[in-house]
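Have a look at the structure below, then the notes.
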There are 2 protein chains.
Amino acid sequence: MRHVTQPPALDEAGLERALERLRRTVRQRGLKGSSVRDAIARAALLRRGHFSVDDLLKELRESGVVDAHPATVYRVLPLLVEAGLLQMTLVSKGDGARYERAFEREHHDHLICTRCGKVVEFEFEAIEVLQRDVAERFGFRLTGHVHELLGICKDCSAAGVER
Amino acid sequence: MRHVTQPPALDEAGLERALERLRRTVRQRGLKGSSVRDAIARAALLRRGHFSVDDLLKELRESGVVDAHPATVYRVLPLLVEAGLLQMTLVSKGDGARYERAFEREHHDHLICTRCGKVVEFEFEAIEVLQRDVAERFGFRLTGHVHELLGICKDCSAAGVER
DNA sequence: CTTCCTGCAAAGGCTTTGCAAAGCT
DNA sequence: AGCTTTGCAAAGCCTTTGCAGGAAG
């Protein structure tokens with residue numbers, strides 16, 4: 001089991017590899033290139049950590065690169081996921097989709113403090129192995145998983161008298 | 001690892017125990033009793049399998065027991081979760097909350113076919129142990145988890161040529 | 001020139017909230 | 001009596017969709 005730390009931001013070369021991968025997906029699906037889509041991809045890929053659609057919209061607006069419309073971002077994000085650039089995350093929070101970079105980033109799951117919102121990322125191969133065992137046992141080809149551990153962190157336990 | 005099968009519906013005695021537990025929670029929180037709430041709890045507890053808020057509303061309406069208003073159901077369900085009668089489930093589906101009975105039902109996680117929607121419930125103590133290890137390692141007191149395995153079931157693999 | 005992409009506005013679906021009347025204790 | 005619960009309607013949020021003009025291949 002390992003604590004997974006925030007990876008460094010994707011460098012220029014990594015960004016280029018990511019966009020190349022996006023171009024491949026776009027080609028495969030018979031779509032067309034677009035500078036707005038690329039700009040959204042860039043902004044999303046440069047993000048460190050988790051972000052909501054709104055975070056991304058704000059950033060795009062404030063950075064002045066493009067003032068992408070929400071509808072456009074909502075249309076682009078699923079494609080970035082399909083291309084393997086992003087993945088949805090923190091699903092258990094509910095309110096609103098959150099994403100994080102998946103490209104050139106190691107797989108990990110999340111441990112979340114439901115009191116203060118702190119998120120610890122960890123990687124535990126032993127669990128992954130058992131997940132594959134489950135899928136195999138029931139004749140499924142495993143394509144993904146949602147695995148979020150919910151609890152109360154040490155700080156909140158110390159602080160909170162309630163409960 | 002075990003395949004967890006649909007449990008039998010809660011019998012009358014079980015229902016009574018569940019409602020007693022609800023009354024306790026209600027008392028502890030300084031709330032008041034309510035027949036509408038009890039009727040909602042009854043309907044939810046008698047459900048076999050997963051259900052959406054809308055499923056429950058329809059059932060309440062059609063059964064003629066009470067024609068509970070959606071807002072009321074939305075207010076009552078979190079209380080039933082807090083009381084340990086229900087739990088949220090199939091979070092990864094996104095669109096709309098789903099629940100299932102948790103009271104007098106063994107813990108289990110879900111393996112979901114993203115093509116046909118089939119859901120297999122399984123219990124795997126080894127995974128639970130590892131989850132506890134993760135929480136301990138990071139100083140969290142574990143209170144719950146979301147664990148859903150996503151894949152393609154055997155039938156869909158056989159049927160589908162695409163991807 | 002055909003097809004896709006974008007912005008815009010509107011609609012959609014689920015859920016929450018403010019309020020007044022009704023229900024508990 | 002004093003507080004909670006309920007139904008109702010309205011609003012809130014996030015997200016999707018239809019359309020027309022612009023961009024890409």
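Small disclaimer: the values here were computed from a predicted structure and weren't measured. All heavy atoms count here, side chains included; hydrogens, waters and symmetry mates do not.
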* Asked: So, do H107(B) and H145(B) have ring centers that fall under 6.0 Å from each other?
  -> yes
* Asked: Hey, is E16(B) close enough to R23(B) for a salt bridge, meaning N to O under 4.0 Å?
  -> yes
* Asked: Hey, is E123(A) close enough to R105(A) for a salt bridge, meaning N to O under 4.0 Å?
  -> no
* Apart from L130(B) itself, what residues make up its hydrophobic cluster when side-chain heavy atoms of I, L, V, M, F, W and Y under 4.5 Å apart count as a link, directly or indirectly? -> M1(A), L111(A), V120(A), F122(A), F124(A), I127(A), L130(A), V134(A), F138(A), F140(A), L142(A), L149(A), M1(B), L111(B), V120(B), F122(B), F124(B), I127(B), V134(B), F138(B), F140(B), L142(B), L149(B)
Which atom of [X] lies closest to which atom of [Y], heavy atoms considered:
X       : Y       : result
R101(A) : P7(A)   : NH2-CG, 3.8 Å
E148(B) : T89(B)  : OE2-C, 4.1 Å
G49(A)  : E100(A) : O-CB, 3.9 Å

Look at all strands and tell whether [X] reaches a base, only sugar-phosphate, or nothing, counting heavy atoms closer than 4.0 Å.
X      : answer
R37(A) : sugar-phosphate
S35(B) : sugar-phosphate
D38(A) : nothing

* Base of dT3(C) paired with side chain of K32(A) (donor-acceptor, under 3.5 Å) -> yes
* Structure fact -> The residue, G30(B) or V66(B), whose nearest nucleotide of DNA chain D is more 5′ is G30(B)
What is the separation between atom [atom1] on [X] and atom [atom2] on [N], rounded to the nearest whole Å?
X      : N       : atom1 : atom2 : answer
R61(B) : dG7(D)  : CZ    : P     : 12 Å
D95(B) : dC14(D) : CG    : C1'   : 13 Å
L77(B) : dT5(D)  : CG    : C1'   : 15 Å
D54(A) : dC14(D) : CG    : C1'   : 10 Å
R75(A) : dC8(C)  : CZ    : P     : 12 Å
L57(A) : dC13(D) : CG    : P     : 15 Å
L56(A) : dC14(D) : CG    : P     : 14 Å
K93(B) : dG13(C) : NZ    : C1'   : 16 Å

* Structure fact -> Among the nucleotides dT6(C), dC5(C), dG7(D), whichever has the atom closest to the side chain of T72(B) is dG7(D)
* Shortest side-chain distance from H69(B), nucleotide among dG7(D), dT15(C), dT4(D) -> dG7(D)
* Asked: Which residues satisfy the salt bridge (charged side-chain N to carboxylate O under 4.0 Å, His left out) test with R48(B), sequence neighbours excluded?
  -> none
* Presence of Y74(A) side-chain N/O under 4.0 Å of dT15(D) phosphate oxygens OP1/OP2 -> yes
* **Below 4.0 Å: OP1/OP2 of dA24(D) and any side-chain N or O of S34(A)** => no
* Structure fact -> Double-helix bend of the helix from dC1(C)-dG25(D) to dT25(C)-dA1(D), axes at both ends from 5 pairs, round to 10°, gives 30°
* **Comparing G33(B) and P70(B) on DNA chain C - which has the more 5′ nearest nucleotide** => P70(B)
